[in-house]
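First the structure, in the form of structure tokens, and then the observations on it.
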Amino acid sequence: MKLEQQVRASRVAGFSAAVQFILQVFHYIVPYHWVASRLARWGVKGQRLVVALPYLWLLLFFFIPFLIVLKISFSLTQLSMPPYQPLVQWTGEQLNQLRLNINPGNFQYLWQDSLYLDAFLNSIKVAGIATLITLLIGYPMAYAIARSSVQWRGVLMMMVILPFWTSFLLRVYAWIGILKNNGLLNNFLLWLGVIDEPMVMLQTNFAVYLGIVYSYLPFMIMPLYATLEKMDLTLLEAAKDLGCRPLRAFLTITVPLSMPGIVAGCMLVFIPAVGEFVIPSLLGPSDSLMIGKVLWTEFFNNRDWPVASAVAIALLLVLVVPMVCFQRAQARTAEAGEA
Amino acid sequence: MTVFFRPHSLLVKLVWMTLAVLLSACSKKEAAPAQSAASATVVTAVTDDEKVLNVYNWSDYIADDTVKNFEAKYGVKVNYDVFDSNELVETKMLAGSSGYDIVVPSSQFMERQVKAGVFAKLDKSLLTNIGNLDPATLKQVAMYDPGNEHAIPYMWSTDGIGYNVDKVKKLIPDAPLDSWALIFDPKYAAKLKDCGISILDAPSDIRSIVLIYLGKDPNSQNPEDLKLAEAQLMKIRPYVRKINSSQYIEDLANGDLCVALGYNGDVLQARDRAFEAKNGINIAYVIPKEGSIVTIDTMVIPADAKHPKNAHLFMNYLMEPEVAAANSNKVNYANGNTASEAFLNESVKNDPAVYPTAEIKAKLTPELSVADDYNRLLTRTWTRFQTGK
């Protein structure tokens, strides 16, 4: 017994020593102090430094790629490597012989052909319906988790997050095996005698909704759980004392208080679902017109990077502009409420 | 100012040294198995310093042990990656820095890519087995790559109809099994709808085939002809279940599909898989009497390949008669390798689905590349066909 304890203790000590060593190594490889001192020289330190980091992240991994895509969207295709014309061309030795190849025609093109608008609208419809279903399924789940006992909450949340340990692509592929004519679900229903002939489920819109709801459900549950868990339950008690029925109390107290969670969850589901490519192409019918598929076609079949980039920029504008407006409106009402 | 980061302190040096030792140990470990595996029978050959080769080939397009045998023979580690559409390859090639050393595009795509300057010129002195190839096939490839400077033929395929013999005969007793009408005539397509029709997701192939069915020039770039083809395709759209270029192998083999417009080798692989699974499904392939298109897939080396010598070595290996025959025996595609014929299985060599009869061969047209404007028109037409609108 004593020996076992000793062994365990030495293992723990060894483990912590190893962790400390790794931390020290990182400490010396990444010159934190050097970076910090440089930033301090420019007047960035403390709180500002912490705030600057996410901005730096956005700059590097969102804004600069966005500029590259924007640049390509104003270009023209040509058979070369990469397959578009450079935006700036030196036609001679001197700087004044610089030529700008800016071509806004790609955006006009999106208007001329109804394909793009149809695809946008259909994607928004599919994503909207899928988001609504996800909310209807996710809300009761998040509610139940938030109201369960403390020791269960961790376990239940773990179970929500656990599927992320498997690749997203594999999980969508698994649905093919479940839904196909010869698949698990059909064979099970045939065995039960519920149906006589296999139901066609794969390559239908039903499969697309199922795939999106299944894949994005955790993104809905997590923010909802976060708001519902923090809710002050005495408010519900007060409502009950004053003779309010449970349903009414839920609608007038719980739902408004969980609004930030609902909005965050819906956005986390809706935004990626609009541009979703993998789920409709693996589970959906050939005739589903989604903007992700259109983008793919522009890029791979037409080899037209500029038009593909224009589609991407348009998609971004269609999604981001209303969202910024919404955020502003929310911030304004929040301010009004405080004042 | 305080110096926070002292690059010359003892601890920093120690850390860097440890890291260096660890890294070198790791890289040695990786290299070791390949060498030990090869040490027994290693053949001296011209290779790059780094004994690695990154291959990008069509899915289901090589025998199971070809790569393994090559690795053992030359001690070169092969990373084998697959694709199922020419468009995907072209985009990766035009983007550059694909990381691949050998790629296998179809010739009409290879033609465009050569023009874009994507591929390196071949060093023929390293390709000693080139004499094994059929001069006629090389000449055909030269239509796309003048002088055979960049590309070597790998295998060639035809487009045709793969069908579930029993199910089709049961649904349509007088089915025209030797004609494109089976798919393109709405009368027959409607009857096959529930059983399942699949069509290749290859706009240019399908355009050419519909034009053949309509009695037009398969390589026509006339927009009017394209409209006619679209009208014909739209008539059968409600009856088509899938538009996909790889899924139909499995679907045919397990009975999820009745009819597939596909590549000959893929259909024959489906036939073999069904036979191996003993599920009672009987698959056949036919090149319709109206004629069809023939596609030669070619091996090329990207200009920015990091292991060009290994790539030449692999190309040369694939041209060895036994190796080429083993690949054809497995995947049921014809190779343009005359010397390999002695090693082909009788069942493959005499199968008109793999090596068509002279009569059918005369009706096969090579597909040519199309202009950019026409390509956009074609893609747009294809999207309308896919969505049925």
Side-chain angles (χ1 to χ4, degrees), chain A residues 21-22 24-38 40-41 76-84 109 113-116 118-119 122 176 180-183 186 197-198 200 202-204 281-282 285-290 293-294 296-305 307-308, chain B residues 1-7 9 11-12 14-16 18-19 85-97 112-113 115-118 194 196 198-199 201 203-204 237-238 240-244 247 251 254-257 303-304 372 375-376 378-380 382-389:
Chain A
F21 176 73
I22 292 167
Q24 253 175 6
V25 169
F26 271 103
H27 194 77
Y28 280 97
I29 297 172
V30 186
Y32 291 116
H33 289 302
W34 182 81
V35 172
S37 70
R38 280 300 135 94
R41 203 181 291 167
L76 277 178
T77 47
Q78 73 177 18
L79 190 58
S80 65
M81 225 172 119
Y84 54 87
Y109 186 79
D113 195 331
S114 64
L115 168 78
Y116 303 97
D118 288 349
N122 193 49
I176 296 180
K180 67 180 183 182
N181 280 5
N182 244 330
N186 265 320
E197 285 223 330
V200 178
L202 196 62
Q203 256 96 40
T204 60
S281 56
L282 287 181
S286 315
D287 60 2
S288 76
L289 190 62
M290 299 271 289
K293 183 80 196 297
V294 169
W296 168 280
T297 318
E298 281 304 333
F299 203 76
F300 289 99
N301 289 44
N302 283 345
R303 312 142 184 152
D304 196 333
W305 293 24
V307 169
Chain B
M1 211 192 96
T2 333
V3 183
F4 289 109
F5 183 59
R6 294 184 301 272
S9 77
L11 190 55
V12 173
L14 266 175
V15 165
W16 279 115
T18 323
L19 267 180
S85 103
N86 268 311
E87 284 79 9
L88 195 65
V89 179
E90 179 152 313
T91 307
K92 281 200 183 184
M93 287 301 112
L94 293 180
S97 313
R112 279 173 50 85
Q113 291 151 21
K115 281 183 193 151
V118 171
D194 291 329
S198 160
I199 282 184
D201 187 6
S204 52
R237 180 63 188 94
V240 176
R241 184 187 295 165
K242 269 189 197 175
I243 300 171
N244 185 291
Q247 185 65 34
D251 289 350
N254 62 27
D256 277 343
L257 269 183
D304 56 6
D372 273 352
N375 184 52
R376 177 164 271 288
L378 182 62
T379 311
R380 188 64 187 88
W382 192 247
T383 307
R384 278 198 295 271
F385 170 59
Q386 280 181 314
T387 57
K389 281 168 202 152

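Quick caveat: nothing in here was measured; it's all calculated off a predicted structure.
- B:R384 does not touch chain A: none of its heavy atoms, backbone or side chain, sits under 4.5 Å away.
- Put simply, of A:N301, A:L79, A:N302, A:T297, the one with the most heavy-atom pairs under 4.5 Å next to chain B is A:N302.
- If you tally non-hydrogen atom pairs under 4.5 Å between each of B:E90, B:Q247, B:R112, B:K242 and chain A, the highest count goes to B:R112.
- If you take NZ on A:K180 and CG on B:D256, they are separated by 6.5 Å, rounding to the nearest 0.5 Å.
- Contacts between A:V307 and chain B at a heavy-atom distance below 4.5 Å involve the side chain alone, from C-beta outward.
- Of the two parts of B:D251, neither the backbone nor the side chain holds a non-hydrogen atom closer than 4.5 Å to a non-hydrogen atom of chain A.
- In this structure, the portion of A:E298 lying under 4.5 Å from any heavy atom of chain B is its side chain and not its backbone.
- For the atom pair CZ (A:R303) and CD (B:Q113), the distance works out to 8.0 Å, reported to the nearest 0.5 Å.
- The shortest side-chain heavy-atom distance between B:T383 and A:L289 falls under the 4.5 Å cut-off.
- Residue B:D304 touches chain A through its side chain alone, counting heavy-atom pairs closer than 4.5 Å.
- Residue contact with chain A, scored on non-hydrogen atoms closer than 4.5 Å, involves the backbone and the side chain of B:Q386 alike.
- Expressed to the nearest 0.5 Å, how far CZ of B:R241 lies from CG of A:N181 amounts to 5.5 Å.
- B:R380 and A:L115 get closest at one heavy-atom pair: NH2-CB, 3.1 Å.
- With a threshold of 4.5 angstrom between heavy atoms, A:D113 approaches chain B through side-chain atoms but not through N, CA, C or O.
- Note that CD of A:Q203 and CD1 of B:I243 are 10.5 Å apart. Values are rounded to the nearest 0.5 Å.
- Among all heavy-atom pairs drawn from A:F300 and B:E87, the shortest one is O-CB, 3.1 Å.
- Side-chain contact between B:L94 and A:Y84 is absent, with no heavy atoms from C-beta onward closer than 4.5 Å.
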